[in-house]
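Before any comments, here is the structure.
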Amino acid sequence: MRAGKKIPRARMLLYTAVLLLLVYSWVRFSTTSRPDEEPPSPLHPPAKVVKVDDLAAGSDKGDFAHNPIAPADVARVPDTGARPKVQPYEHKKKPSPQQHYGKVDGTGKSEQGAGYPFPMFMGPDRGFADEKMMEKVKAMMTHAWDSYVAYAPLSDELRPVAGIKHDWHSVGSLLSTPVDSLDTLKIMGLTSRYEVAKKMVLDHLKIDFDAYVSLFETNIRVLGGLLSAYEFDNDPRYLAMAEDLGERFTHAFNTPSGFPINAFNLKTKTGGGGNAGLAEMGTLQLELQYLSDVTGKLFYAEKALAVYDTLYGATLPVPGLYPLTWSTSDVQHMGEHYGIGAAADSFYEYLLKLWLSTGDNKYREMYDRSAEAVAAHILVTKGDQAYLPEAFHNGDSWNSETSFHHLTCFAGGMFATGALTNRRGKWTTYLDIGRKVTETCWATYAATASGLGPEDVRIEGLEAKDSRYLLRPETIESIFYMYRFTHDPLYRDMGRAFVAALDKHCRKEKGFAGLVDVRSPNSGPDDLQQSFFLAETLKYAYLLFTDDDVVPLEAYVFNTEAHPVSMRGYGRRKDIKRGTVERQKKKQ
């Protein structure tokens, strides 16, 4: 337009009207979802979906499918930006109905997860199944289970190199492997093998076991396994056995402090004395509360919940942190040794999961206070790495170990779950802690010649301090959670590498054995097929490759042995209202 030339007023008004109409149309189109699109969630954007065949090209050496990791790459999982070729979204074939436990009992859930009792904290995109990897893990489970049946039936565990049984007690077996395997076989749809395990348990498991067992281990494996089997099968015989076992457990709390004695004789219902470990007395509540809920008998959980009440009201040297050892004679801790690994781990895990499963906010408050304290006093960060070594407190000073245990690697999933289920305050900080812990633990695997992680790791250089790999699940557990929460294909790449390394270095003719030295794959086997390998390691590896509606995290919680039970408002607890846990009225 030349300077000085005036535009008639009428034409100016017309130009202005046309311009406003164009702007309005553009804004409306750009901010409205098309009818065939799901509106994206700002906290869980739609996942990039890739063809399964493109993702399944991982090396049998335990490398990432798209970025081989040499033993020298020790610091962290490298991010080269390389990603599989993105394809238009295509719905993959769903697992068969008996495997798809988001739909158990016809609760009316839709494909997008409507009907789950916990608020949808993962977004509407439910991911897709990598059927090739699911079949791979299922084949590994079949080999592990069939080997047990062939060489060590009715025992606790199998020694796969020697081809003989292993029992934890001289008087017999608590059938650790069959009980631990029930729900894994059920979830994977291995029906005939599930029926064999079920017959073993129902016909041969003796609850009145005349030996001093670990209350902790018997709870997470046997009681947890029975309850999960009942959850998915609805056979009342499982529940009857669980009630028998749960009633016996209540006698372990008959101490002056109310803290249970871990060495406990199931037949005589007496304890062997000694102090109480934090994890031992704080990892009973999830199972016993479920038992109370499904039977309507409050007394099963009463004494276990009283332990939390006592700890909640205890005077602590460091608010939110609980020492590892406590007296059973009075409410007194023994020293100021702290950690989130052995002897402590599942206590903190169960605070969060008891809240998730019941909706009682008291336990969320306890967890939040503890998560803040763990992050402030135990967590060690170095760049993009995060570790959780044990620590000692003395006055105003803290001294941390220079290594961290494989057991602490579960905390990646715990911190991430805690963050995403209550997005307030510094929740993004805790989510990032979960990511860093998970990826640091994975880096300890990527650093070894075998592609498997050591039992204990020096923080400096991520070098093995205890070089054994005992078929442990904690790292793949956190990888499973991080994938469910993000759908980042990086985590499935980790899973493919893990499964390949496990199958290459731990698979034997008669089952699976650990490694004596992860730095040297030819160093020899640790000759024990741990029951938790079938309960946890293979279950988490399998679920990593299913869609999100197979044992959905908005409807189930896993106990610390990976036995899933429903939340209130779903499954066997569908008629129980979420909220404050009902307690028995005290006698006047």
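A quick note: this is a predicted structure, and the numbers were derived from the prediction, not measured.
Annotation: Y491 is not in aromatic contact with Y483 [ring centroid separation under 6.0 Å not met]. A distance below 6.0 Å separates the ring centres of Y570 and Y556. A centroid separation of less than 6.0 Å is found between the aromatic rings of Y445 and W442. Ring-centre distance between F118 and W355: below the 6.0 Å cut-off. Between F558 and H563, the gap from one ring centroid to the other reaches at least 6.0 Å.
The ring pair (Phe, Tyr, Trp, His ring centres under 6.0 Å) check on F392 picks up H337, with sequence neighbours excluded. With sequence neighbours left out, the ring pair (Phe, Tyr, Trp, His ring centres under 6.0 Å) criterion links F545 to no other residue.
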Problem - Test log, rule ring-ring contact (aromatic ring centres under 6.0 Å, His included), inputs Y367 and Y348 - result: CA-CA 7 Å; Y367 169 77; Y348 297 103; 8.4 Å; no
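Remark: K362 qualifies as a cation-pi partner of Y312 under the 6.0 Å distance and 45° angle criteria applied to the six-membered ring.
Salt bridge D183/K539: present, at least one basic N to carboxylate O contact under 4.0 Å.
Residue pairs meeting the salt bridge (Lys or Arg N to Asp or Glu O under 4.0 Å) criterion with at least one member in residues 523-532, sequence neighbours excluded, do not occur.
Using modelled atom types, no side-chain atom of H406 and backbone atom of Y469 make a donor-acceptor pair closer than 3.5 Å.
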